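Have a look at the structure below, then the notes.
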Amino acid sequence: MSIPTTTLPSGDELPTVGVGTWNLDDDTVGDSVRAGLDAGYAHVDTAEGYHNEAAIGEALADYDREDVFLTSKVLPKHLDYESVIASCEASLERLGTDYLDLYLIHWPNPTISLRETLNAMATLHDQGKIRNVGVSNFSAYQLSAAHHVSDVPIAVNQIEYHPWNTQDDVVQYCRETNTVVEAAAPLGRTEVFADETIRAIAESYDRSPAQIILKWAVENDVVPLPKSSSPDHVRANRDLFDWDLAAEDHQRIDDIDHHQPVYDFPARDWSGDTYGISQ
């Protein structure tokens, strides 16, 4: 069964499950991407900060570019106008393509003007180098500002989203503004597998905990981006569309939320490689 899509403001179709590639090195990411595309995925998510774009580009060279919805992200230390342009062009070169279907601000950077960043995004869009603009790890407040100043619709907000951290306020604002929610770390970086409710539901459906969590996300109109170094797990993670969760089981998962993030913590290492903000 093919993976359904959701329509972005541009009219482009975004597949509702993607191959995530965070923390996959060059030795594993190519096999993961190939396994996903061979299994019927049509959506690959990466970032300059993942340091694996070149290996992904090598894998993508074996497939028709128009059949793959490809996303990358610009690091927050590169959000000034010229650096956004340079980062995108470098990502395109590493990925072996002349355009991205979606380009995201990976994290907000309060020391650089959001208007400046989005002006650069608009330039890249006008040049045909990116087809859709989005953000990642933005609060509702930050997303509201982005919508206000962007000349190109903000199509996506990729956030930490899983049964232990549903960020309901952000999701609700995305719904109100026709912004697609993508789930980074949709499996809670496997920590949620230990949840007793998830384990019980998985056993009753004869499904893996990962499949139960991903199905729940899809039923909540959230686009999950699971990553795995195992081709078998990659294939299993897209097996979501010929079965449903019973309403009562879906509600049991909705009720889990512990407000427990696995990566999106308030404290930031402002001087580290991601932000690169000197004092």
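The figures that follow rest on heavy atoms only: side chains count, while hydrogens, waters and symmetry mates do not. One-based numbering along the sequence shown. Remember, predicted model here, so these are calculated numbers, not experimental data.
Put simply, CG on Asp45 and CG on Asp101 are 11.5 Å apart, with the number rounded to the nearest 0.5 Å. Summarising the geometry, atom OG belonging to Ser228 is positioned 5.5 Å from atom NE2 belonging to His233; distances are rounded to the nearest 0.5 Å. Put simply, CZ on Arg199 and OG on Ser204 are 13.0 Å apart, with the number rounded to the nearest 0.5 Å. Summarising the geometry, atom CD belonging to Glu82 is positioned 11.0 Å from atom OG belonging to Ser87; distances are rounded to the nearest 0.5 Å. The line from OG1 of Thr71 to CG of Leu102 is 4.0 Å long, rounded to the nearest 0.5 Å. Rounding to the nearest 0.5 Å gives a distance of 6.5 Å between CH2 of Trp270 and CG of Asn109.
One finds no salt bridge joining Lys129 and Asp98 here, because no Lys/Arg side-chain nitrogen approaches an Asp/Glu carboxylate oxygen to under 4.0 Å. Electrostatic pairing of Asp221 and Arg175 does not count as a salt bridge here, judged by no charged N lying under 4.0 Å from a carboxylate O.
Counting only heavy atoms from C-beta outward, the side chains of Ile201 and Ile253 approach each other to under 4.5 Å. The shortest side-chain heavy-atom distance between Ile213 and Pro186 does not fall under the 4.5 Å cut-off. At least one side-chain heavy atom of Leu143 sits under 4.5 Å from a side-chain heavy atom of Val135. Counting only heavy atoms from C-beta outward, the side chains of Tyr81 and Arg115 never approach each other to under 4.5 Å. Residues Leu95 and Leu100 are in side-chain contact: their nearest non-hydrogen atoms beyond the backbone lie under 4.5 Å apart. Two residues are said to be in side-chain contact when any heavy atoms from C-beta on lie closer than 4.5 Å; Leu225 and Val19 fail this criterion. Side-chain atoms of Leu245 and Glu219, non-hydrogen and from C-beta on, do get closer than 4.5 Å to each other. Counting heavy atoms from C-beta outward, Met121 and Ile105 have side chains that approach closer than 4.5 Å.
Hydrophobic clustering (ILVMFWY, side-chain heavy atoms < 4.5 Å, transitive): Ile159 and Leu8 are in distinct clusters. There is a path of hydrophobic side-chain contacts, each under 4.5 Å, that joins Val234 to Leu187. Placement of Trp22 and Tyr263 in two distinct hydrophobic clusters is found when ILVMFWY residues are connected by side-chain heavy-atom separations under 4.5 Å, directly or transitively. The hydrophobic cluster containing Ile112 also contains Val74, counting ILVMFWY residues as joined when their side-chain heavy atoms lie under 4.5 angstrom apart, directly or transitively. Both Val222 and Ile212 belong to a common hydrophobic cluster when Ile, Leu, Val, Met, Phe, Trp and Tyr are linked at side-chain heavy-atom distances under 4.5 angstrom.
Counting only distance, with no hydrogens or angles, the side chain of Lys77 and the backbone of Asp273 share a donor-acceptor pair below 3.5 Å. Arg238 places no side-chain N or O within donor-acceptor distance of the main-chain N or O of Gly18, the cut-off being under 3.5 Å. Not one N or O on the side chain of Lys227 forms a donor-acceptor pair closer than 3.5 Å with the backbone of Ala185. Panel note: side chain Gln211, backbone Ala236; a donor-acceptor pair is recorded below 3.5 Å. Of the possible polar contacts, one joining the Asp25 side chain to the Asp27 backbone as a donor-acceptor pair under 3.5 Å is found.
Side-chain contact, Asp31 with Thr28: no donor N or O sits under 3.5 Å from an acceptor N or O. Of the N and O atoms on the side chains of His162 and Glu160, at least one donor lies less than 3.5 Å from an acceptor on the other residue. Of the N and O atoms on the side chains of Arg252 and Thr197, not one donor lies less than 3.5 Å from an acceptor on the other residue. Judged purely by distance below 3.5 Å, without hydrogens or angles, the side chains of Tyr205 and Asp249 pair a donor atom with an acceptor atom. For the residue pair Trp164/Asp195, the side-chain donor-acceptor check at 3.5 Å is satisfied. There is a side-chain donor-acceptor pair under 3.5 Å between Asp38 and Tyr63. Side-chain atoms of Asn157 and Tyr173 form no donor-acceptor pair, as typed in the model, at a separation below 3.5 Å. A donor-acceptor contact under 3.5 angstrom links the side chains of Thr7 and Glu13, judged on distance only. Using a 3.5 Å distance cut-off with no hydrogens or angles, the side chains of Ser83 and Asp80 do pair a donor with an acceptor. Checking Gln172 against Asp168 by side-chain atom types alone, no donor-acceptor pair falls below 3.5 Å. The closest side-chain donor-acceptor pair between Ser91 and Glu53 falls under 3.5 angstrom. For the residue pair Asp12 / Asn132, a side-chain donor-acceptor distance below 3.5 Å is found, with atom types taken as modelled.
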Derivation of the side chain to side chain contact (heavy atoms under 4.5 Å, CB included) call for Phe241 and Val17: CA-CA 10 Å; Phe241 300 103; Val17 177; 3.6 Å; yes
Stepwise side chain to side chain contact (heavy atoms under 4.5 Å, CB included) test for Arg131 and Tyr103: CA-CA 8 Å; Arg131 293 188 174 178; Tyr103 198 40; over 6 Å; no
Check against side chain to side chain contact (heavy atoms under 4.5 Å, CB included), Asn119 and Glu116: CA-CA 5 Å; Asn119 283 345; Glu116 177 179 355; 5.6 Å; no
Derivation and outcome, side chain to side chain contact (heavy atoms under 4.5 Å, CB included), residues Leu60 and Leu70: CA-CA 10 Å; Leu60 292 176; Leu70 181 60; 3.8 Å; yes
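In this structure, Glu93 places its CD atom where only 12 or fewer heavy-atom neighbours from other residues, nucleotides or ligands lie under 6.0 Å away. Other residues, nucleotides and ligands place no more than 12 heavy atoms under 6.0 Å from the CD atom of Glu203. By the neighbour-count criterion of 12 heavy atoms within 6.0 Å, atom OH of Tyr141 is sparsely surrounded, having that number or fewer from other residues, nucleotides or ligands. Crowding of Glu176 atom CD: a count of heavy atoms from other residues, nucleotides or ligands under 6.0 Å exceeding 12. More than 12 heavy atoms of other residues, nucleotides or ligands sit less than 6.0 Å from atom CG of Asp64. For His148, the NE2 atom is loosely surrounded, since the number of other residues' heavy atoms within 6.0 Å does not exceed 12.
Closest approach of Leu104 and Gln158 over heavy atoms only: CD1-NE2, 3.5 Å. Summarising the geometry of Tyr41 relative to Ile3, their closest heavy-atom pair is CA-CD1, 3.8 Å, with the distance given to 0.1 Å. The minimum heavy-atom distance linking Ile198 with Pro209 is given by the pair CG2-CB, 3.8 Å. Of all the heavy atoms in Asn52 and Leu24, the pair that sits closest is ND2-O, 3.0 Å. Of all heavy-atom pairs spanning Phe138 and Trp107, the tightest one is CE1-C, 4.2 Å. The shortest heavy-atom contact between His43 and Leu14 is CE1-CD1, 3.4 Å.
Aromatic ring pairs are classed by plane angle as parallel below 30°, tilted from 30° to 60° and perpendicular above 60°; the pair His250 and Trp216 is tilted.
In this structure, His106 has its ring center no closer than 6.0 Å to that of Tyr275.
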